[in-house]
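Presented below is the structure to which this report refers.
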Amino acid sequence: MADLQFLALDLGAESGRGVLGRFDGGRLALNDVHRFPNGPVRVLNSMHWDVLRLFTEMQEAIGRAVEQAGEDLVGMGVDTWGVDFGLLGPGDVLIGNPYHYRDERTVGMVDEACKRVPRADIFGTTGIQFMELNTLFQLYSMAYTRSPLLEMAETLLMMPDLLNFWFTGQKVSEFSIATTTQFYDPRKGDWALELLDRLGIPTHFLTPIVPPGHKVGRLLKPIAEATGAKGLTVVAPAGHDTGSAVAAVPAATPDYAYISSGTWSLMGSEITEPIINERALQYNFTNEGGVCGTFRF
C-alpha cells in the first residue's frame, strides 16, 4: 500500500505555508512545499486582508504538493488565525474585503455592547474572554453604525470556512473557529442566537457547525484541473490555527499545559468541559474549542 499524503494549508496573521505530510502507517514526515507572506492591507482608513491573493497562493501550494506526491495526495485541510470572517451576498459574491482584526472599527465596542447585554451574561453564555477584536464586537460595530453590509449579507463564513467554500462550494462552520467568535454557546453546542438577537446582530447568515475532521467536500473541478489535484478531499481540521497547534502537542497524559507562540503567546490546558464561572470571568480566561470534544482553557 502506498504511503498516504496530505496537504496542510496553514495561514497565520503574518505568513502562510503549505506543508506536505507523508504517513506510512506508523510515522508522519513533514516538508514545506510553499511559503508566502501575509499581512494587513490599508485602504483609506481601514485595514483588510488580501484574501484573493491568499487563495491564489494556496492553489500554488496545492500544485506544488501534487508535483511531489502525485496521486498519493488524498486530502487537504485549512487553518487560519481566529475571529475574522467574510460576508457573502446574493450569488455568493464576497461583499467587500474581509476586515483585519486590528482595524479600529471595534474601538470602544466592548463597552457599548455591554450596555445592552451585561458582561457577565456574555461570558456566561460563551465562556470566551473579552477582546475588542472578537467577531462579536466586529459585528456589533457594524450593527452600531448601521452598516448596509449586514443587510446585504446572506452568509457569514469564518476565514477557513470561507476558503473551504471557495475550494469546494460547501458552506459549513468548523467548531474550533466558530468558538473564537464569542457567540458560540458550548452548553447548547450551537450558535448563541439569543445573545446575537439581544445585541441587534442578524443570525440568518450563520451556517451549520461541523466538528474537526468533517469532510467538507471534493475540490472543485476548475481548481482540480488547474492544480492537477483531481479527486482531492477537503477536510476541516481545527480551523483555528491554535486549535490545530495544540492538537499536535505530543503529550502522553491529559494533565499538561502548553505554550503556543505565534503573533502573540498564550498558555493553557486542554479540558473536556469549559470552565465558565466568576473567577474565569474575573481573570479574563477563555474556553475555545479544540479537537475530539476538548476545549482550550
Side-chain angles (χ1 to χ4, degrees), residues 9-17 36-43 45-58 77-89 92-107 109-110 113 126 128-145 147 149-150 152-153 155-167 171-184 191 196 201-202 205-207 209 236-245 260 262-264 266 286 288-289:
L9 294 169
D10 171 45
L11 272 63
E14 296 179 349
S15 65
R17 64 207 58 80
F36 47 93
N38 190 17
V41 178
R42 184 168 288 280
V43 180
N45 295 320
S46 300
M47 291 176 67
H48 299 271
W49 297 103
D50 191 355
V51 66
L52 295 182
R53 182 185 66 79
L54 295 177
F55 188 58
T56 300
E57 296 281 9
M58 296 167 80
V78 177
D79 70 35
T80 77
W81 65 96
V83 309
D84 289 335
F85 58 92
L87 294 173
L88 302 178
D92 291 329
V93 174
L94 182 66
I95 305 176
N97 292 307
Y99 278 90
H100 190 286
Y101 58 78
R102 295 194 186 279
D103 183 79
E104 294 182 354
R105 66 184 180 149
T106 58
V107 173
M109 286 299 111
V110 172
T126 68
I128 297 295
Q129 67 183 165
F130 286 80
M131 295 188 290
E132 283 185 330
L133 54 81
N134 287 351
T135 319
L136 181 67
F137 304 114
Q138 293 193 45
L139 287 175
Y140 186 73
S141 74
M142 298 177 74
Y144 185 80
T145 58
S147 170
L149 299 185
L150 279 184
M152 297 169 58
T155 308
L156 181 148
L157 292 172
M158 303 301 290
M159 291 305 294
D161 303 321
L162 174 65
L163 295 163
N164 282 337
F165 169 61
W166 285 344
F167 279 126
K171 301 175 187 176
V172 294
S173 297
E174 186 276 323
F175 164 68
S176 72
I177 199 73
T179 65
T180 72
T181 63
Q182 203 172 8
F183 50 84
Y184 174 84
W191 299 112
L196 292 173
I201 297 171
F205 49 37
L206 299 175
T207 63
I209 298 172
H240 186 206
D241 54 4
T242 308
S244 278
S260 176
T263 308
W264 49 42
L266 54 89
T286 199
E288 292 186 359

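Count residues from 1 along the sequence.
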Quick check: does any side chain N or O of T155 sit under 3.5 Å from a backbone N or O of L88, one acting as donor and the other as acceptor?
-> no

Which atom names give the shortest non-hydrogen contact between S176 and G289, and what distance separates them?
-> CB-O, 3.3 Å

Please confirm whether F55 and F167 have ring centers closer than 6.0 angstrom.
-> yes

Only counting residues at least two apart or in another chain, list the ones meeting side chain to side chain donor-acceptor pair (under 3.5 Å) with S260.
-> none

Taking E288 for its side chain and T179 for its backbone only, find out whether a donor-acceptor pair lies under 3.5 Å.
-> no

With side chains defined as the heavy atoms from C-beta onward, is the minimum distance between V78 and M58 less than 4.5 Å?
-> yes

What distance separates L157 CG from L87 CG, expressed to the nearest 0.5 Å?
-> 9.0 Å

Set of residues satisfying ring-ring contact (aromatic ring centres under 6.0 Å, His included) with respect to F36, sequence neighbours excluded | H34

Any side-chain heavy atom of L11 sitting closer than 4.5 Å to one from M159?
-> no

Test log, rule side-chain contact (heavy atoms from CB on, under 4.5 Å), inputs E132 and M109 | CA-CA 7 Å; E132 283 185 330; M109 286 299 111; 5.8 Å; no

What pair of heavy atoms forms the shortest contact from P160 to G239, and how long is it?
-> CG-O, 3.6 Å

What is the distance from atom CG of L149 to atom CE of M142, rounded to the nearest 0.5 Å?
-> 4.5 Å

CG of L136 to CD1 of I201: how many Å apart, nearest 0.5 Å?
-> 5.0 Å

Would you say the side-chain atoms of D10 pair up with the backbone N or O of T80, donor to acceptor, closer than 3.5 Å?
-> no

For L196, does its backbone N or O pair with a side-chain atom of W191 as donor and acceptor, under 3.5 Å?
-> no

Between T286 (side chain) and Q129 (backbone), is there a donor-acceptor pair under 3.5 Å?
-> yes

Nearest-0.5 Å distance that lies between atom CG in L139 and atom OG1 in T181 | 8.5 Å

Shortest non-hydrogen separation from T207 to S173 and the atoms involved | OG1-OG, 2.6 Å

First locate atom CG of N134, then atom CZ of F137, and finally report the distance between them rounded to the nearest 0.5 Å.
-> 6.0 Å

Residues in side chain to side chain donor-acceptor pair (under 3.5 Å) contact with R105, at least two apart in sequence or another chain = Q138

Residues at least two apart in sequence or cross-chain that pass side chain to side chain donor-acceptor pair (under 3.5 Å) with S141, listed by chain then number, are none

Are D79 and L9 close enough, and set up right, to give a side-chain contact (heavy atoms from CB on, under 4.5 Å), and what steps lead you there?
-> CA-CA 6 Å; D79 70 35; L9 294 169; over 6 Å; no

Considering non-hydrogen atoms only, spot the tightest contact between A178 and Y184 and give its length.
-> O-CB, 3.8 Å

All side chain to side chain contact (heavy atoms under 4.5 Å, CB included) counterparts of N38, not counting sequence neighbours = W49, R53, L54, W81

Got more than 12 heavy atoms from elsewhere within 6.0 Å of OH, Y144?
-> no

Mark yes or no for whether S244, through its side chain, and D241, through its backbone, hold a donor-acceptor pair below 3.5 Å.
-> no

Does N97 reach the main-chain N or O of H48 with its side chain, forming a donor-acceptor pair under 3.5 Å?
-> no

Where do G243 and A238 come nearest, in terms of heavy atoms and distance?
-> C-CB, 3.6 Å

Whether T180 side chain and V83 backbone form a donor-acceptor pair below 3.5 Å = yes

For the residue pair D161 and I177, establish whether any side-chain heavy-atom pair is separated by less than 4.5 Å.
-> yes

Set of side chain to side chain donor-acceptor pair (under 3.5 Å) partners for D92, sequence neighbours left out = K171

F205 vs L150, side-chain contact (heavy atoms from CB on, under 4.5 Å): CA-CA, chis, key distance, verdict = CA-CA 9 Å; F205 49 37; L150 279 184; 3.9 Å; yes

Polar side chain donor-acceptor pair, T106 to E104, under 3.5 angstrom | no

dist L206:CG -> M158:CE (nearest 0.5 Å) comes out at 10.5 Å

Show the numbers, then the answer: is there a side-chain contact (heavy atoms from CB on, under 4.5 Å) between T135 and Y140?
-> CA-CA 8 Å; T135 319; Y140 186 73; over 6 Å; no

Flag the pair P98 / D84 as yes when at least one side-chain heavy-atom distance between them is below 4.5 Å, and no otherwise.
-> no

